[in-house]
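Here's the structure, in structure tokens; my notes come after.
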There are 2 protein chains.
Amino acid sequence: MYTIGELSKNTGVTVRTLDYYDEIGLIKPSSKTSGGHRLYSEDDVMQLERVLALKYMGFSLEQIKDILANSKPNWQESIKQQLELVKREQGRLKMLEQALVGVSYSIEFEGEINWPIIFSIIQLYQQDPEAALEQYREYLNEEERKKILDVNFEQTSEEDIKEWLKAISDIRNNLHLDPHSEKAERLVKIWVSQAEKMFGGDEELLGDLWQALQNLKEGIAFYPMDKNVINFIERVFIAKGVTKQ
Amino acid sequence: MYTIGELSKNTGVTVRTLDYYDEIGLIKPSSKTSGGHRLYSEDDVMQLERVLALKYMGFSLEQIKDILANSKPNWQESIKQQLELVKREQGRLKMLEQALVGVSYSIEFEGEINWPIIFSIIQLYQQDPEAALEQYREYLNEEERKKILDVNFEQTSEEDIKEWLKAISDIRNNLHLDPHSEKAERLVKIWVSQAEKMFGGDEELLGDLWQALQNLKEGIAFYPMDKNVINFIERVFIAKGVTKQ
DNA sequence: CATTGAACCACACGTAACGTGTTGTTTTAT
DNA sequence: ATAAAACAACACGTTACGTGTGGTTCAATG
């Protein structure tokens with residue numbers, strides 16, 4: 001039999017927490033002293049350990065109570081649901097990360113807070129990613145859209161995103177350049193190599209995406225590739241006599 | 001000028017939320033009617049949009065208030081901190097996912113809730129992963145430990161983990177087999193191929209890890225590779241006349 | 001101008017899982 | 001017996017609002 005203080009020391013759980021678990025009926029001490037002090041048995045300790053394990057797995061105390069109260073809990077179902085929840089949360093965090101990185105570089109490269117662009121980024125990510133790509137429906141087939149999702153939300157490292165954003169930002173800061181100039185050509189060359197890196201040299205996807213970007217009337221399209229950047233790249237291509245796609 | 005209801009409809013934010021933002025001084029309407037009804041200006045709307053953007057990025061209302069109150073907020077610092085927080089949370093979720101998958105297959109393969117194993121899994125993941133690998137310090141250098149972390153927490157697909165766990169589970173369920181038997185040999189063969197798949201054919205890492213597993217006195221080591229499993233594999237190796245590493 | 005229905009304000013309580021006190025009682029060590 | 005430590009029970013605080021209530025103001029109608 002352990003007092004609440006001993007149990008607390010042994011398990012690392014605070015007394016207040018044990019107090020609370022008693023209060024909500026999650027772990028009731030199996031006996032008490034004549035004076036009313038709580039005494040926990042070995043069984044209680046085991047129960048507590050199970051609670052801690054389930055808590056670590058992300059279940060709420062309410063769920064844990066249900067699970068442990070049930071004599072034959074449907075574990076696989078519970079775990080499956082919990083896993084789905086975790087996966088959704090992972091997706092949300094991934095988008096959050098992308099948004100933060102996007103905003104960070106937007107600030108770094110533009111030197112100020114460009115709220116409209118930030119709003120666009122947020123809007124783009126706020127709805128589910130699938131919906132965000134609907135605007136490309138006319139130009140990209142489903143497989144291609146899925147691939148872009150991967151690039152945007154899954155496979156790409158922060159380092160790659162950084163370089164990609166830098167390439168675009170460099171162009172944004174030099175829109176005034178003569179398309180025939182060597183510098184313009186160099187900037188676009190860097191952009192092309194980054195684009196190829198990101199899309200794994202999938203020429204067809206790249207071509208279709210390019211078509212889509214050119215035709216989209218407004219918005220930030222593929223952040224931060226706005227119309228100005230796209231037009232500049234196109235002018236340089238024309239200057240070089242290349243007709244992309 | 002918008003009433004609170006109009007603003008709510010335009011932005012999708014509930015009236016109660018705007019009420020709350022007013023209450024905590026986050027967004028105060030810039031004027032009121034004689035009767036006390038709130039009137040929001042265009043500036044207020046912009047402010048609200050900024051709040052929503054920052055909120056999406058995961059900042060607390062308290063932080064948002066600080067950031068927006070500050071005339072020259074240190075954006076990069078704020079975003080960096082936020083990113084770190086997000087990354088920590090991502091790590092936590094990744095471990096949670098692994099723990100859930102581990103427990104799920106532990107149940108599926110063993111047919112019951114093996115609480116001791118589950119506790120071990122939790123304990124292993126509860127401390128930070130680096131610390132969990134400290135027990136291998138004697139056998140694995142830093143680079144190798146880092147590689148294991150990747151396998152454990154990053155790169156491995158759920159499908160691969162499933163097969164890996166199945167291979168081990170199959171052995172656990174057949175510990176009684178004669179090491180010379182054909183079935184034992186087949187099981188170990190599957191295990192070896194899975195191990196090689198997971199560690200990308202890095203023979204040296206595999207060898208060192210094997211050494212580590214053999215020498216660890218207790219614990220679940222590399223879940224669910226406990227002592228029994230390791231000993232069985234070793235016996236089969238010996239039976240075949242192979243001296244692994 | 002009076003009425004009426006809608007919108008609005010202000011306030012209160014509830015949420016999850018405890019942390020942080022406070023006061024009064026029990027236990028333990030001396 | 002007494003003092004110190006541990007404990008019980010209760011209350012309030014935390015976040016970002018949802019939900020509900022009663023009373024007030026607004027806008028449109030007769």
Side-chain angles (χ1 to χ4, degrees), chain A residues 1-41 44 47-48 50-68 82 85 89 92 96 126, chain B residues 1-41 44 47-68 82 85-86 89 92 96 126:
Chain A
M1 288 296 185
Y2 306 91
T3 68
I4 198 170
E6 287 163 2
L7 185 58
S8 168
K9 261 182 199 149
N10 291 340
T11 59
V13 177
T14 68
V15 172
R16 174 64 179 114
T17 297
L18 294 170
D19 200 15
Y20 182 64
Y21 289 170
D22 185 8
E23 189 184 325
I24 63 173
L26 189 54
I27 295 176
K28 292 248 176 232
S30 41
S31 65
K32 292 196 173 189
T33 68
S34 55
H37 283 196
R38 286 169 276 220
L39 292 175
Y40 293 88
S41 69
D44 294 335
Q47 187 78 348
L48 174 59
R50 293 176 184 188
V51 166
L52 295 181
L54 289 170
K55 196 156 85 81
Y56 177 81
M57 291 192 262
F59 293 100
S60 74
L61 297 187
E62 193 61 36
Q63 289 174 306
I64 293 174
K65 213 160 81 172
D66 289 349
I67 291 175
L68 292 182
Q82 197 58 25
L85 215 144
E89 184 64 9
R92 203 186 66 85
L96 211 164
Q126 220 160 20
Chain B
M1 287 299 185
Y2 307 91
T3 69
I4 198 169
E6 288 163 2
L7 185 57
S8 169
K9 262 183 199 149
N10 290 341
T11 59
V13 177
T14 68
V15 172
R16 174 63 180 113
T17 298
L18 293 169
D19 200 15
Y20 181 64
Y21 290 170
D22 185 7
E23 188 184 326
I24 64 173
L26 189 54
I27 295 176
K28 292 245 174 234
S30 41
S31 64
K32 293 196 170 186
T33 67
S34 54
H37 283 195
R38 286 170 275 222
L39 292 175
Y40 292 89
S41 69
D44 295 335
Q47 187 78 349
L48 174 59
E49 278 173 348
R50 293 175 185 189
V51 167
L52 295 181
L54 290 170
K55 197 156 84 80
Y56 177 80
M57 290 191 262
F59 293 99
S60 74
L61 296 187
E62 194 61 36
Q63 288 174 305
I64 294 174
K65 213 160 81 170
D66 288 349
I67 291 174
L68 292 181
Q82 196 60 24
L85 215 146
V86 168
E89 183 65 10
R92 203 186 65 85
L96 212 163
Q126 219 159 21

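Basis for what follows: all heavy atoms, side chains included, without hydrogens, waters or symmetry-related copies. Naming convention: chains lettered A, B, ... in sequence-line order (proteins, then strands); numbering from 1 in each chain.
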For T33(B) and L39(B), run side chain to side chain contact (heavy atoms under 4.5 Å, CB included): C-alpha distance rounded to whole Å, both residues' side-chain angles, the deciding distance at 0.1 Å, then the answer. CA-CA 7 Å; T33(B) 67; L39(B) 292 175; 3.7 Å; yes
NZ/K65(A) to CG/L54(A) distance, rounded to the nearest 0.5 angstrom? 14.5 Å
Are OP1 or OP2 of [N] and a side-chain N or O of [X] less than 4.0 angstrom apart?
X	N	value
T3(A)	dA6(D)	no
T33(B)	dC26(D)	yes
R38(A)	dC7(D)	no

Could you state the atom-to-atom distance from [atom1] of [X] to [atom2] of [N] in whole Å?
X	N	atom1	atom2	value
K32(A)	dA8(D)	NZ	P	7 Å
D19(B)	dC17(D)	CG	C1'	10 Å
E23(B)	dG18(D)	CD	C1'	13 Å

Please determine whether side chain to side chain contact (heavy atoms under 4.5 Å, CB included) holds for the pair Y20(A) and L26(A), giving the CA-CA distance in whole Å, both sets of side-chain angles, and the decisive distance to 0.1 Å. CA-CA 8 Å; Y20(A) 182 64; L26(A) 189 54; over 6 Å; no
Under 3.5 Å, is there a donor-acceptor pair between the side chain of [X] and the main chain of [Y]?
X	Y	answer
D66(B)	Q63(B)	no
Q82(B)	G58(B)	yes
S8(A)	V13(A)	yes

Less than 4.0 Å between a side-chain N and a carboxylate O, is that true for E6(A) and K9(A)? no
Enumerate the residue pairs fulfilling salt bridge (charged side-chain N to carboxylate O under 4.0 Å, His left out) with a member in residues 25-35 of chain B, sequence neighbours excluded, ordered by first and then second residue. D22(B)-K28(B)
Along DNA chain C, first and last positions that approach a heavy atom of chain A under 4.0 Å: dA17(C) to dT27(C)
For DNA chain C, which residues of residues 4-12 of chain A approach it to below 4.0 angstrom with any heavy atom?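 Here the set is empty: none.
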Please say which of I4(A), T3(A), T11(A) ends up in a side chain to side chain contact (heavy atoms under 4.5 Å, CB included) with L7(A). T11(A)
Nucleotides 13-16 of chain D: which of its N/O atoms have a protein N/O under 3.5 Å away?
residue	atom	partner	partner atom	Å
dA16(D)	OP1	L61(B)	N	3.3
dA16(D)	N7	Y20(B)	OH	3.4

Between G36(B) and L39(A), whichever has its closest DNA chain D nucleotide further toward 5' is L39(A)
Using the salt bridge (charged side-chain N to carboxylate O under 4.0 Å, His left out) criterion, which residues pair with R50(B)? Sequence neighbours excluded. none
List the residues meeting side-chain hydrogen bond (donor to acceptor under 3.5 Å, both in side chains) with S31(A), not counting sequence neighbours, and say none if there are none.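 Checked S31(A) against side-chain hydrogen bond (donor to acceptor under 3.5 Å, both in side chains); zero matches.
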